[in-house]
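Notes follow once the structure below has been shown.
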Protein chains: 2
Amino acid sequence: MNNTPVTLKFLAEKLKMSVSTVSKALNNYPTINEYTKNRVQEMARDLHFTPNKSAINLKERKSRIIGIILPNLLDHFFTRSIYGVEQFATKNGYNIIISQSHDDLQKEIQSADMLLRSRVDGLIIAISKNTQDFAHLNQFENLGIPVVYYTRNPSFNLNCHKVLGNTFQGCYQATKFLIDRGHKKIAYIGGPKMINFTHDRFNGYINALKDNHLSFDANLVAYTDFDRENTISAIQNLFSADDNTPTAIVAFKEHILFDAIKYLRHIKHPQFNKIECIGFGNNSFINYLDTPPIASVEENPESVGENAINLLLKLINKEIDMESYQKVMVDCKLIVHND
Amino acid sequence: MNNTPVTLKFLAEKLKMSVSTVSKALNNYPTINEYTKNRVQEMARDLHFTPNKSAINLKERKSRIIGIILPNLLDHFFTRSIYGVEQFATKNGYNIIISQSHDDLQKEIQSADMLLRSRVDGLIIAISKNTQDFAHLNQFENLGIPVVYYTRNPSFNLNCHKVLGNTFQGCYQATKFLIDRGHKKIAYIGGPKMINFTHDRFNGYINALKDNHLSFDANLVAYTDFDRENTISAIQNLFSADDNTPTAIVAFKEHILFDAIKYLRHIKHPQFNKIECIGFGNNSFINYLDTPPIASVEENPESVGENAINLLLKLINKEIDMESYQKVMVDCKLIVHND
DNA sequence: AATACATTTTCAAACGTTTGAAATAATTTG
DNA sequence: CAAATTATTTCAAACGTTTGAAAATGTATT
């Protein structure tokens, strides 16, 4: 209800000194007399002085804000990754603004635009699945604002900073694990081909087969997206040939397995609870399933976030040159569930 | 890599006109000549002029930013509620800054402080479970910045704006549903007593029993928190008496039921798959359980968020007086799962 | 007491916008 | 064609900070 805002000027008038003295006292300048400092700080406290960030930003030509754009907040991978980012950002005096693109290019452009107006000091982004053109993101770098792509990134483009889960290694490990358990017919269910890591995972699968002298069978591979219908039909395909049916599955997302298991149970597949499967993710709900995946590929999202912010901070502080493009890989970890 | 930032002044020099003309042209002032407007707008586009929000905020004495503080982003209730907020905020030209308190008072105070410095135009908050003192939040109202409490709120305090799920009604409905299915021994598992809606839910349960002439049995009530250990022991208690064991459960959070079912299966309770249960939440994961809850109490988080932002916008626009404290209740909906 | 030096405070400009009032230019009117 | 009107542009101050340079004050030295 206070109508005159408490500004430096206001404090200065109260204390009968100049604005600069007040400013310097609050910022603990060595040239300011101790007694004066105390008086100023006390008054500032009493009157609940809160420095106006807009004014400071304007003056300093920076915002101490990091922007984050991601497809959505309903995906645990992303919310977990924010933990990592936030932790290190606040530790270094930065705040974060999170914006969702809802996997829509137009919305992503809007988000980028507002973050640009807010003059964020850096941007961390997981691009939408339709992002082909990068004009809206290149703007940042043109203004000298560093951008770090994480997880979802322009795969063809080497001229950007990236932090990625080592999804090849994760998929290789998962496949290898199943091979070591004696499986010969391991199916692979991949994700939308537009998303860049889909191929890396597939390659992990292929390489594990090859390295272990198993032949590749195209009938054991199916693709789906985030839509359940498509997942079901992908699974139907895999299990259509009665003679050559898989005994294990590797899936690009764990919840595909949930659908798979449910479907197999539904059609009363003779050994639906024998099929061993592994997916990316590490959903705590696994504990509640009757027929849980045998293992999960933990992507360590917090660590991905952590690496992204650390790289970004180095770019902001010019410890790394913006032109020397970095690529950081974060290893996955196979979590074996022994219920 | 552009080192001279593109500002109004810069444009003005290029165009050989005054800064104010440029400003007014970009803001489409009627007093500016059409031809001039076109020239200015074209140049602004070509040079990628981006207005500096800090400068505007400073001048306008507002930020067009809404702050949100919530315990964490791993809880689907909160992430879903953000959808509602975001949608209406952006529609009205506001951006949002999300900050997590991690259910820690100190962190909440920090968040509040940074949002205050950022001079948000309004605040939406779900308080941490330890928030007893509200000095850090009252500051906002002292500066004329409206605050809307949502979901988690100071229950004892009537002098604040609130948007709440009608958790009483939700719990009543759930209990009633089970009664109608013939259950006589319905257990209730409540949440942390610090959280205000725990009691409302309990009252919903009690009232449903009473209205349907079922007697209340204290042995059928247990409390837990977000910790699995405690949940297990709560369930153990409920099922310790061999003679008087519940046939149905209402739980304040759905995942408690997952633990309950798992536990009952584990101890091979004679009718673990007969026990009918209902919890708050509406986790899509339910579809994958062998023994799913019979129904869910959908709390409509998007709608809660929507109501919160709408109320806040009205307060910001002074359509509602800050002193006339509002309380909005959002009804829950019972979702019956017929597998 | 005059000078030198150190300590402390203030001045003034800058950051990038907005906007009412004043100035200027262009057009109409009698 | 001068005066009155209207259209368009510019001036100048303000928003709340920061900060190097200049000014003022205080203290020590001879």
Side-chain angles (χ1 to χ4, degrees), chain A residues 2-41 43-44 47-65 116-121 143-145, chain B residues 2-41 43-44 47-65 114 116-121 143-144:
Chain A
N2 231 328
N3 19 21
T4 45
V6 181
T7 65
L8 289 186
K9 193 171 154 206
F10 185 75
L11 291 181
E13 278 161 11
K14 284 262 177 211
L15 290 158
K16 297 195 195 315
M17 47 177 87
S18 76
V19 173
S20 26
T21 309
V22 175
S23 170
K24 287 174 178 170
L26 290 173
N27 290 309
N28 214 24
Y29 267 53
T31 70
I32 302 292
N33 181 299
E34 279 305 316
Y35 173 68
T36 315
K37 276 186 197 172
N38 290 334
R39 280 196 5 175
V40 173
Q41 281 162 9
M43 172 106 337
L47 267 52
H48 298 111
F49 168 73
T50 319
N52 184 318
K53 222 161 166 293
S54 296
I56 298 177
N57 293 348
L58 179 59
K59 189 78 227 306
E60 309 261 272
R61 294 152 142 276
K62 62 180 191 204
S63 61
R64 296 226 141 231
I65 294 177
L116 198 60
R117 281 161 194 262
S118 298
R119 292 291 190 278
V120 292
D121 292 342
L143 288 173
I145 301 171
Chain B
N2 233 327
N3 19 22
T4 46
V6 181
T7 64
L8 288 186
K9 193 172 153 204
F10 185 75
L11 292 180
E13 278 160 12
K14 284 263 177 208
L15 290 160
K16 296 190 196 316
M17 47 177 87
S18 76
V19 173
S20 25
T21 309
V22 176
S23 170
K24 287 175 178 170
L26 290 173
N27 289 309
N28 214 24
Y29 268 53
T31 70
I32 301 292
N33 182 299
E34 279 305 318
Y35 174 68
T36 316
K37 276 186 195 171
N38 291 334
R39 280 195 1 163
V40 172
Q41 280 163 10
M43 172 104 342
L47 267 51
H48 299 109
F49 168 74
T50 319
N52 184 318
K53 221 161 166 296
S54 295
I56 298 176
N57 294 348
L58 179 58
K59 188 78 227 307
E60 310 261 272
R61 293 151 142 278
K62 63 180 190 201
S63 62
R64 296 227 141 229
I65 293 177
M114 91 88 169
L116 197 61
R117 281 161 193 262
S118 298
R119 292 293 191 278
V120 293
D121 292 343
L143 287 173

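If you're wondering where the values come from, they're calculated on a predicted model, not measured in any experiment. Below, chain A is the first sequence line, B the second, and so on; all start at residue 1.
- A heavy-atom distance below 4.5 Å is found between the side chains of K53(A) and I65(A).
- Between the side chain of K59(B) and the base of dT18(C), at least one donor-acceptor pair of N or O atoms lies under 3.5 Å.
- Among the nucleotides dG16(D), dT19(D), dT17(C), the one closest to any side-chain atom of V19(B) is dT17(C).
- Between the CG atom of L58(A) and the C1' atom of dG16(D) there is a distance of 9 Å, given to the nearest Å.
- Residue K37(B) places no side-chain atom within donor-acceptor reach of the base of dT8(D), judged by atom type and a 3.5 Å distance cut-off alone.
- Residue F49(B) is classed as a sugar-phosphate contact, given heavy-atom separations below 4.0 Å to backbone atoms only.
- Nucleic acid contact class of T36(B) (heavy atoms, under 4.0 Å, all strands): sugar-phosphate only.
- Within 3.5 Å, a donor on the side chain of K24(A) pairs with an acceptor on the base of dG20(D), or the reverse.
- Going from atom CE of M17(A) over to atom C1' of dC11(C) covers 16 Å, rounded to whole Å.
- Base engagement by L8(B) is indicated by at least one non-hydrogen atom pair under 4.0 Å involving a base atom.
- Side chain of R119(A) to main chain of L116(A): a donor-acceptor pair is present (N/O by atom type, distance under 3.5 Å, no hydrogens or angles).
- Atom CG in N27(A) sits roughly 17 Å away from atom P in dG16(D) (whole-Å rounding).
- If you find the closest nucleotide of DNA chain D to A55(B) and to P30(B), the one lying nearer the 5' end belongs to P30(B).
- The residue N57(B) sits apart from the nucleic acid: no heavy atom pair falls under 4.0 Å.
- Among the atoms of the strands shown, base atoms are found under 4.0 Å from some heavy atom of T21(B).
- Regarding contacts with the backbone of dT17(C), every side-chain N or O of N52(B) stays at 4.0 angstrom or more from both OP1 and OP2.
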